[in-house]
Amino acid sequence: MDVNFKILGSSSSGNAALLQAAGASVLIDAGMSGKKLELLLNEEGLSAEALDAVFLTHEHNDHSAGVRGLSKFGRLPFFANQDTIQAIQPKLQKRPNWKVFETGKQFSFGPFKIHPFSVPHDAYDPVGFYFEWGKDDLFNPHSSLAWVTDLGYVPTLVKERIRQAKILVVEANHCSKMLEDDQKRPWSLKQRIRGRHGHLSNDNTFEMLESIEGSCWEKVFLMHLSKDCNDIKKVQDKFAGLRGQGSRFSTFVVDPSSAKTIPI
């Protein structure tokens, strides 16, 4: 069965992706306005009203801004943990169709089994997602996707979750030198970004991917690049030699300006 996975936005200006598999269409994060997301979904041949669900990793605006606009579709469920809901709801005039999950506890929705796992980031209860679907047969083969876009370091549990995924989406947020040299960001913000609850640098992500043995990856997407403190060419150069521990996979970088996926 064909899987359509398309990253719709990838930067501090907004992060979101469309996953279509096993007859279901879901949005992972909704970091742009509802109007913008509707336009991007239309370009993929899908109306926002036809979405089956939205899954939110945390409350930061670049991952949740679209909740306000998309909540006009009253039947559309928004999956989030309790702390994330409590952080987002006061900003809204009405209550979306919230569906609460517990971090660390697997749940099912449609054809998917979803494992929300804790990640170290400066939000109330941020998570990554591991999606599984299909069966081990010819017509509905088993597949999986891990989504980890905001984290300051990679705990053992996160490594294990992403090791199992066939499609891996992970951040390569900044070049350490470009961040250090940046004149627009105050020292306190730089410390937050490179701290243990901030964001992974290119070097952090490369070293982590290289260290994981026996991965199941078929495709690896590097996203959430900083527009000011990273550069597509630097990412391409850094990750060109990425091979993993005995694994063969294709690697892509996501342009933060256009969300275009570029092979490495």
Side-chain angles (χ1 to χ4, degrees), residues 6-20 24-44 46-110 112 114-131 145 147-151 169 171 173 189 192-193 197-199 223-224 227 256 259:
K6 178 67 181 292
I7 294 173
L8 304 177
S10 170
S11 74
S12 55
S13 299
N15 299 276
L18 172 66
L19 172 61
Q20 294 178 295
S25 300
V26 301
L27 206 60
I28 308 174
D29 276 334
M32 292 159 280
S33 71
K35 185 176 292 187
K36 177 66 172 177
L37 286 167
E38 286 189 67
L39 177 63
L40 292 169
L41 289 168
N42 286 339
E43 290 175 0
E44 296 302 307
L46 183 75
S47 70
E49 196 167 7
L51 280 172
D52 293 296
V54 179
F55 294 85
L56 300 174
T57 57
H58 62 293
E59 75 276 6
H60 289 168
N61 208 49
D62 59 326
H63 294 262
S64 68
V67 174
R68 181 190 301 273
L70 294 180
S71 63
K72 69 182 180 183
F73 304 110
R75 62 152 205 91
L76 179 63
F78 291 84
F79 285 87
N81 58 38
Q82 190 63 54
D83 283 349
T84 299
I85 291 171
Q86 289 179 347
I88 294 174
Q89 185 58 54
K91 306 172 188 176
L92 307 176
Q93 293 180 337
K94 64 178 183 178
R95 189 171 180 85
N97 181 18
W98 291 119
K99 301 293 183 183
V100 184
F101 62 73
E102 184 179 336
T103 301
K105 186 175 181 180
Q106 178 184 307
F107 64 98
S108 296
F109 175 77
F112 300 112
I114 302 107
H115 308 246
F117 53 91
S118 184
V119 296
H121 189 56
D122 58 352
Y124 283 102
D125 188 7
V127 300
F129 287 119
Y130 178 77
F131 290 84
L145 179 146
W147 175 271
V148 277
T149 57
D150 292 59
L151 67 170
V169 186
E171 74 170 357
N173 178 257
L189 178 56
R192 172 185 164 271
I193 291 169
H197 290 81
H199 290 277
M223 68 171 286
H224 212 319
K227 291 181 179 179

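Scope of the values below: all heavy atoms of this structure, side chains included, with no hydrogens, waters or symmetry mates.
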To the nearest 0.5 Å, what is the distance between [atom1] ([X]) and [atom2] ([Y])?
X    : Y    : atom1 : atom2 : result
F78  : Q89  : CZ    : CD    : 11.0 Å
Y130 : I114 : OH    : CD1   : 12.0 Å
S33  : L39  : OG    : CG    : 9.0 Å
L19  : F55  : CG    : CZ    : 9.0 Å
K99  : N81  : NZ    : CG    : 16.0 Å
D150 : D122 : CG    : CG    : 8.5 Å

Do D29 and H63 get their side chains close enough for a donor-acceptor pair, meaning under 3.5 Å?
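Side-chain D/A pair, D29 to H63: present.
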If we ignore angles and hydrogens, is there a donor and acceptor under 3.5 Å between the side chains of E171 and T149?
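Per modelled atom types, E171 and T149 side chains form no pair under 3.5 Å.
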Would the number of heavy atoms belonging to other residues, nucleotides or ligands and lying under 6.0 Å from [atom1] of [X] be above 12?
X    : atom1 : answer
K35  : NZ    : no
F109 : CZ    : yes
K227 : NZ    : yes
E49  : CD    : no

Of all pairs that satisfy salt bridge (charged side-chain N to carboxylate O under 4.0 Å, His left out), the ones with a partner from residues 62-86, not counting sequence neighbours:
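Sorted result for residues 62-86: E38-K72.
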Mind jotting down which residue pairs meet the salt bridge (charged side-chain N to carboxylate O under 4.0 Å, His left out) criterion with at least one end in residues 51-61? Sequence neighbours excluded, please.
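The answer is none; no pair qualifies.
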Quick one: does N15's side chain have a donor or acceptor within less than 3.5 Å of a partner on G31's backbone?
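Here the side-chain-to-backbone pair does not exist.
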S10 side-chain N/O to H224 backbone N/O, donor-acceptor pair under 3.5 Å:
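Present.
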For the pair H60 and H58, name the ring-plane relationship: parallel under 30°, tilted 30 to 60°, perpendicular over 60°.
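Because their plane-to-plane angle is over 60°, the rings of H60 and H58 count as perpendicular.
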So which heavy atom on [X] is nearest to which on [Y], and how close?
X    : Y   : answer
V127 : L56 : CG2-O, 4.2 Å
F129 : I28 : CD1-CG2, 4.2 Å
L92  : V67 : CD1-CG1, 3.9 Å
L40  : L8  : CD1-O, 3.6 Å
S25  : Q20 : OG-NE2, 3.0 Å
G74  : N97 : O-CB, 3.5 Å

Between F79 and F101, ring centroids under 6.0 Å:
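That pair fails the under 6.0 Å test.
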Who are the side chain to side chain donor-acceptor pair (under 3.5 Å) partners of Q82, not counting sequence neighbours?
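Per chain and number, Q82 pairs via side chain to side chain donor-acceptor pair (under 3.5 Å) with no residue.
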